[in-house]
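Computed from a predicted model, the values in this text were never measured in an experiment. Ligands are counted one by one from 1 in listed order, and the atoms in each one are counted from 1 as well.
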Amino acid sequence: MTARAEIVVDLAAIRHNVRVLKQLVGTQYMAVVKADAYGHGLVESARAAREGGADWLGVATIDEALALRAAGDTGRVLCWLTVPGDDWAAAIEQDVDVTVYSEDELDAVLATGPRARVQIKVDTGLHRGGAPRAAWHDLIASAADHDREGRIDVTGIWSHFSSSDEPDDPANDAQEAAFQDALDVAAGAGLEPEVTHLANSAAAILRPSSRRDLVRVGIATYGLDPAPGRTPDLGLRPAMTARATLAMVKRVEAGGAVSYGRTWTADHETTLGLVPAGYGDGLPRVGGNRAEVQVAGRRRPVRGRICMDQLVVDLGGDDPGAGADVTVFGPGDGGEPTAQDWAEACGTISYEIVTRIGGRFVRRHTDSERIAR
Ligand SMILES: *Cc1c(COP(=O)(O)O)cnc(C)c1O
């Protein structure tokens with residue numbers, strides 16, 4: 001417990017969350033492990049998700065998919081974001097299912113030679129990646145031809161919601177209807193893909209009609225709430241704790257201003273604690289004067305601006321001593337702030353809090369269901 005600043009990820013929580021969610025949805029489960037598993041560690045998190053029952057792993061880039069293979073994962077893996085010149089052949093050779101958005105991308109896949117497993121992403125209203133409606137017919141017809149002739153295996157058709165965290169937004173119904181249109185185009189072309197899928201965490205939990213054959217679950221795999229205030233209590237367990245060791249305690253007189261720019265001034269004498277983590281380690285600078293951390297078991301407010309390497313908290317006259325344990329955020333069951341609390345204090349979402357934390361935090365994996373490894 002003496003590390004300066006560390007991220008502790010409980011792999012048992014990931015395993016538990018996958019089990020609970022898979023049971024809830026009753027479909028195949030893709031654990032989304034892009035962006036270093038939302039900051040939780042790609043390889044370890046992927047392994048825990050597989051142990052919990054994940055049928056698929058989902059990543060953005062080919063490099064992420066190859067990293068899973070290099071670590072020994074032999075199950076189904078889907079990737080979905082490429083640029084011209086990416087090494088499609090490497091992904092296909094490693095049995096990764098790749099996603100195409102356009103006929104150019106389909107041509108790049110065909111050029112790799114061996115029979116690739118390909119999924120088609122259709123844009124149903126997010127207007128981000130995926131084939132726009134005007135291109136569905138030709139892309140799907142072309143993919144169907146190549147599938148029939150044995151050059152590729154079209155394993156899936158899928159799309160992605162814009163507003164699944166707002167379940168009452170009519171955009172969700174519109175996207176589900178548009179997705180059905182795309183599937184009708186595929187059926188018309190004679191395609192029978194192994195899986196069709198649309199739901200991310202929020203949709204998987206809140207919109208049973210969107211579950212289809214498989215759900216792509218990122219944030220909820222890590223125990224965080226995809227739609228705060230709207231999600232029923234499923235007993236998910238946040239896997240990540242960010243902790244540090246208090247560097248110093250000092251007194252400040254009434255009138256003493258704290259940190260750069262003097263944005264907070266003590267109105268009475270108090271004690272201050274120095275936490276050795278800052279925006280250089282991924283804690284948002286905007287959390288100054290807003291966020292809280294837990295020091296020696298008590299919630300303490302951040303005072304003044306968060307600096308690159310450190311932040312200051314108000315200890316209210318107490319002196320837990322240098323070396324005291326600081327929980328920046330954690331599951332919340334010990335009274336500590338959560339990633340969601342940090343997100344609210346910083347005007348962002350928990351995804352960004354856990355994905356960006358890093359810098360000099362050292363990441364360590366534990367397993368509360370087994371002996372710590
Ligand atoms: C990131 C991502 C997901 C996972 O979203 P969550 O809200 O974290 O569940 C699913 N599908 C796609 C295409 C994504 O990019």
Side-chain angles (χ1 to χ4, degrees), residues 13-14 17-18 20-22 24-25 27-40 42 45-46 49 52 54-65 68 76-83 96-101 105 119-131 155-167 169 171-172 175-176 179 182 195-207 210-228 230-231 234 236 238-240 339-340 343 348-356:
I14 294 176
N17 297 333
V18 174
V20 166
L21 289 162
K22 194 174 166 176
L24 173 78
V25 297
T27 67
Q28 291 185 56
Y29 191 100
M30 178 186 291
V32 178
V33 293
K34 63 190 181 186
D36 206 14
Y38 292 42
H40 293 69
L42 174 71
S45 301
D55 308 281
W56 291 74
L57 300 175
V59 291
T61 69
I62 287 175
D63 284 349
E64 291 175 316
L68 289 168
R76 296 298 285 277
V77 173
L78 177 70
C79 68
W80 54 69
L81 183 61
T82 51
V83 297
V96 173
D97 286 59
V98 297
T99 300
V100 298
Y101 296 175
E105 290 185 345
Q119 302 208 1
I120 299 169
K121 182 178 184 193
V122 291
D123 182 357
T124 54
L126 177 60
H127 297 117
R128 198 177 65 177
T155 57
I157 298 185
W158 62 276
S159 191
H160 193 47
F161 282 115
S162 66
S163 308
S164 58
D165 56 336
E166 293 169 36
D169 190 319
N172 293 307
Q175 283 195 263
E176 273 195 54
F179 189 54
V195 287
T196 64
H197 48 106
L198 180 59
N200 63 348
S201 294
I205 295 169
L206 297 170
R207 280 186 81 81
S210 71
R211 288 174 189 158
R212 300 272 173 184
D213 303 312
L214 119 78
V215 294
R216 304 185 306 270
V217 182
I219 198 75
T221 295
Y222 308 102
L224 296 171
D225 188 341
R230 298 192 167 92
T231 314
L234 301 170
L236 301 181
M240 183 188 288
Q340 180 60 31
T348 183
I349 53 178
S350 61
Y351 296 68
E352 189 177 0
I353 299 296
V354 292
T355 303
R356 291 185 72 165

Visitor: Got the closest protein heavy atom to atom 11 (N) of ligand 1, with its distance?
Guide: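 So the nearest neighbour among protein heavy atoms is Arg216 NE, 2.9 Å.
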
Visitor: When you measure from the side chain of Tyr222 to the backbone of Asn17, do you find a donor-acceptor pair of N or O atoms at a distance under 3.5 Å?
Guide: no

Visitor: Side chains of Tyr29 and Thr221: donor-acceptor distance under 3.5 Å anywhere?
Guide: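 Judged by distance alone, the side chains do pair up.
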
Visitor: Under the 3.5 angstrom rule, does the side chain of Arg212 hit a backbone N or O of Val195 as a donor-acceptor pair?
Guide: no

Visitor: Would you check the N or O atoms of Val217, main chain and side chain alike, for any that come under 3.5 Å of an N or O of ligand 1?
Guide: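 No; every N/O pair is 3.5 Å or more apart.
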
Visitor: What protein heavy atom sits nearest atom 4 (C) of ligand 1, and how far off is it?
Guide: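 Scanning the protein heavy atoms, the shortest distance from atom 4 (C) of ligand 1 goes to Tyr38 OH, 3.3 Å.
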
Visitor: Give yes or no for whether the N/O distance cutoff of 3.5 Å, strictly under, is met between Val32 and ligand 1.
Guide: no

Visitor: Out of all atoms in ligand 1, which are within 4.0 Å of some heavy atom of Tyr351? Include the element for each.
Guide: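 It comes down to these atoms of ligand 1: 6 (P), 7 (O), 8 (O).
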
Visitor: From the options Leu214, Val215, Leu57, select the one residue that forms a side-chain contact (heavy atoms from CB on, under 4.5 Å) with Met30.
Guide: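 Of all the options given, the one that passes is Leu214.
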
Visitor: Give the numbers and elements of all ligand 1 atoms closer than 4.0 Å to a heavy atom of Arg128.
Guide: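 Within the 4.0 Å cut-off of Arg128, ligand 1 contributes 15 (O).
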
Visitor: Check whether any side-chain heavy atom of Lys34 lies under 4.5 Å from a side-chain heavy atom of Trp80, and answer yes or no.
Guide: yes

Visitor: So if I count the atoms of ligand 1 from 1 in the order they appear, which ones are less than 4.0 Å from some heavy atom of Trp158?
Guide: 13 (C)

Visitor: Would you check whether Ser201 has a nitrogen or oxygen atom less than 3.5 angstrom from a nitrogen or oxygen atom of ligand 1?
Guide: yes

Visitor: Within the 4.0 Å heavy-atom shell around Ile219, which atoms of ligand 1 are there?
Guide: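 Counting from 1, the qualifying ligand atoms are 6 (P), 8 (O), 9 (O).
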
Visitor: Looking only at side chains, do Gln119 and Thr155 share a donor and an acceptor under 3.5 Å apart?
Guide: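 Yes - a donor-acceptor pair under 3.5 Å links their side chains.
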
Visitor: Apply the side-chain contact (heavy atoms from CB on, under 4.5 Å) test between Cys79 and each candidate in Ile62, Thr61, Leu68; give the one that qualifies.
Guide: Ile62

Visitor: How far is atom 1 (C) of ligand 1 from the closest protein heavy atom, and which atom is that?
Guide: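 Result: Lys34 NZ, 1.4 Å.
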
